[in-house]
Amino acid sequence: MQEKYNPHVIEREAQDHWAQRNAFRALETPGQKKYYCLSMFPYPSGKLHMGHVRNYTIGDVLSRYHRMRGYNVLQPMGWDAFGLPAENAAMANRVPPAQWTYDNIAYMKKQLVALGFAIDWEREIATCKPDYYRWNQWLFLRMLERGLVYKKTGVVNWDPVDQTVLANEQVIDGRGWRTGALVEKREIPMYYMAITKYADELLSALDTLSGWPERVKTMQANWIGKSHGVRFAFPYEAPATQGSAAEKGLLWVFTTRADTIMGVTFCAIAPEHPLATRAAQPNPQLAAFIAECRRSSVMEADLATMEKKGMPTGIYATHPLSGEKVEIWVGNYVLMSYGEGAVMAVPAHDERDFHFAKRYDLPIKQSIAVAGQSFSTDGWQPWYADKETGTCVNSGKYDGLAYEPAVDAIAAALKALGLGEKQVLWRLRDWGISRQRYWGTPIPLIHCGACGDVPVPDADLPVVLPEDCVPDGSGNPLNKRADFVNCSCPKCGQPAKRETDTMDTFVDSSWYFMRYACPDQKNAMVDERAHYWPPVDQYIGGIEHAILHLLYSRFYTKVMRDLGLVKVDEPFSKLLTQGMVLNEIYFRKIGNGRISYYNPADVDVTVDESGKRLGATLRADGAPVESGGMGTMSKSKNNGVDPQALIEDYGADTARLFMMFASPPEDTLVWNGAGVEGASRFLKRMWNFAYEQRAAFGDANGPIDWASAPDALQQARREIHAALKQASHDFGKFQFNTVVSATMKMLNALERAAGAQPAQRALVLEGMSILLRVLAPITPHITHALWRELKLGEDLLTAPWPEFDPGALAAAEIELVLQVNGKLRGNIRVAADADRAAIEKLALDNANVRKHVGDQAVKKVVVVPGRLVNIVV
RNA sequence: GCCGGGAUGGCGGAAUUGGUAGACGCACCGGACUCAAAAUCCGGCGGUAGCGAUAUCGUGGGGGUUCGAUUCCCCCUCCCGGCACCA
């Protein structure tokens, strides 16, 4: 045995050992409990960052732990390889996205291997390869056949200089990130997936996901957003204009507060609403306002935070129940994509309408009252919107009705008029999957002048993406590739054009977990092995994916089930949402709204004497940079920390141990390398202890009568088994930081108790056998080496998880805390089986307790068995 | 703005889910070893008062429930994640 811990040597040896045995290859073994453990696959951005190390270490710890628990474990890995950063890199470096991507994959794979993850690399997939995305195309066509894919227009960010559609991320302060040009909204035809057809099941099935965090289920439920309300219409008359004749029509709106209908004083429509367009024809001011709205962001977050503005259309509608005239306004806060793109406005009982009415001096009419509260238009009060205790007032025959009966009566009245009825509305919208970008899955359609949009026949799949394009930032380079675009129509054989839009990369990641079951299957999307492995038993990934990725994956699973491809209803039985790993963000604005980000490792922070931050400068040029606060480690913010230096300096085990010890996996973690030293020190200490004690191992020890062993030994053994009990319990809670702390307690206890006596040697042997197994999932290399050096068994990979000895935990005496009126006043030792009366007497006899009780009467004595005595005076 | 989450010593965090707040580490301070340093080992380490026993304050801020609140309830502040084209 080597005297010194040398991580690089033992890690190489352990990894060779596993590789030679093909130890992590997963086979479909009938009769054995399977455990499909999956960490979200990475985008190959270049190098791993600490968020990856955290994610994949958690997955590996759980995989190895379950292997020790006797499960047939599958842990695969792959690459979410299509996406925008590859195109950005291509523009910067003049290298095709494909080459950049494959280079990154090669480098990052090397890093994953160096970290010793128990991955079945035979199942590796990359979504940018035709043998994968072929099945994106195939499923797209099946969905098209079933009406689950359809075409309609959608709104995108348009850079008028580059003539290019921009991602939200590429719009900074309303300007294109490369050109600095003011971005416009533009409507273009796109393909949509009808996820709303599954809205009901996506919502109700959340109840079956007992292994998911409540917060994620809540977020999904709110996102799907089922709301019950009333859809109804305001009849209106639009006067004749130069362009169009006078028109009578119905303005449809949706509301969840039909009980406030008699408080309506105006209506508001989205700038994109057809009625707004019509009203703008004779009204240049309104047209200018609508044009201004067109220049605003497409992002909901921007829309919701911007100043609420509006303008009257001059068109009046008739209130369907009161017959009053109400004016129709255009409001920049009304979303065309939700409901009807129009709302009834009740300033008295809707906060947004209230502020809008105040701003434009529109009437405010109370129609709900709460007993004991008086209404005023001076300022908004939360009770104005209270539907629990409010009743209708100033509402004619609905006066006095509470929320539910009022909604029922009003819906019935509208229905009788043929002007509306109750309706369920979803916040969830269909999923627009078209991207006007090169580096993605080609949408398998052909546009023929005679036949229209024609699906590519299955036999012609995949539609292969040429891998040698270099995007230049203006438009989709596929449009310039005649060899890609020009084709013949599969129906009529005439010359035709291939669709050049590609699919949203969320499509790629919505079913990859199914493909891992059978990545080598060339003739089908999935085969019968997808009836063995799915669902994923444990999914692990960042909390930032709580809604979109997880919802799309659930949708895809249900679609694949309904196509008979898989048998599961849900893709992920248990979900662990890892907290973000944050780091400082530094940037400079380099003009035209463009931003350049600098890695914190290249930035010096200056502080004053009290440690307060004064500023930050870029080391390269000494000039100041701005702080962008804390944010997720990412390529786009250039604030990732490459784990490579950590691995090279300390080894994979230290990197893994440190990551697991730093915080519980679900917590946000602000990156700070301090503490790595401590993790490394612990492993060295364990190695040194094993080296010193190596003589205790190997020879047979007789059975030890622990009950007659010295107290100090019994105490040490109690500590070890208590720590084991805690560690086993904490594994179930995913609380790996306290598992690590338990192993530290074990080593502390062993170091104190070690010695040459037979019982001491037996304790060291038992303790190390437990310690190494508990630590094995976290630091697999050093534990593998020590397990063999100490001759504790053959291969630690398959050693069973240790069970604690309840007998070791029993103590003859226990300590009880004494309180007077809830304040700590001392403690006593009592026999473990002491009865209540004896405990009370001992407590009341305690000198410090007597001092604090004094001559006050004891009102009550609370005894919590095994914990404390509280004397209430 | 809306939805979800978080805040505990100088730092990361713990507290068997209502029962001794600060486990286990990091940093720091003192000591041993050393010519010296590093490494290692031993000890200390929330604030205030006290030589000490001990007292008192203390889990983002304010209020409440309880014999007892980091934990449960109400209000507020700040930070993080998501908001449909970053992945």
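Convention: sequence-line order gives letters A, B, ...; per-chain numbering from 1. The structure presented is a predicted model; accordingly, all values stated were derived computationally and were not measured.
The ring-ring contact (aromatic ring centres under 6.0 Å, His included) test with A:F506 singles out one residue from A:Y552, A:F555, A:W511, A:Y43, and that residue is A:Y552. Checking A:D504, A:N476, A:T502 one by one against A:R435, the side-chain hydrogen bond (donor to acceptor under 3.5 Å, both in side chains) holds for a single residue, A:D504.
Across every strand in view, B:rC78 sits in a pair with B:rG6 that passes the Watson-Crick or G-U test at under 3.5 angstrom. Nucleotide B:rA21 forms no Watson-Crick or G-U wobble pair with any nucleotide shown, as no partner meets the under 3.5 Å limit on both distances.
For A:N737, the listed nucleotide lying nearest its side chain is B:rG13; candidates were B:rG13, B:rG1, B:rU20. Closest to the side chain of A:R685, from the set B:rG19, B:rC86, B:rC41, is B:rC41. Closest to the A:M580 side chain, of the nucleotides B:rA55, B:rA84, B:rG81, is B:rG81. Across B:rU20, B:rC57, B:rC86, the shortest atom-to-atom separation from the side chain of A:K823 is found for B:rC57. Distance from the side chain of A:S663 is smallest to B:rG13 among B:rC85, B:rA14, B:rG13.
The P atoms of B:rC26 and B:rG43 are separated by 14 Å, rounded to the nearest whole Å. With both ends at atom C1', the span from B:rU8 to B:rC24 equals 15 Å, rounded to whole Å.
Across all strands shown, A:M190 has heavy atoms under 4.0 Å from base atoms, whether or not it also approaches the sugar-phosphate.
At least one side-chain heavy atom of A:H545 sits under 4.5 Å from a side-chain heavy atom of A:M40.
A syn orientation is assigned to B:rG9, its glycosidic angle lying within 90° of 0. Look at B:rU77: its glycosidic torsion is beyond 90° from 0, and that puts it in the anti range.
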Could you walk me through whether A:Y133 and A:F82 pass the ring-ring contact (aromatic ring centres under 6.0 Å, His included) check? CA-CA 10 Å; A:Y133 67 68; A:F82 275 137; 5.7 Å; yes
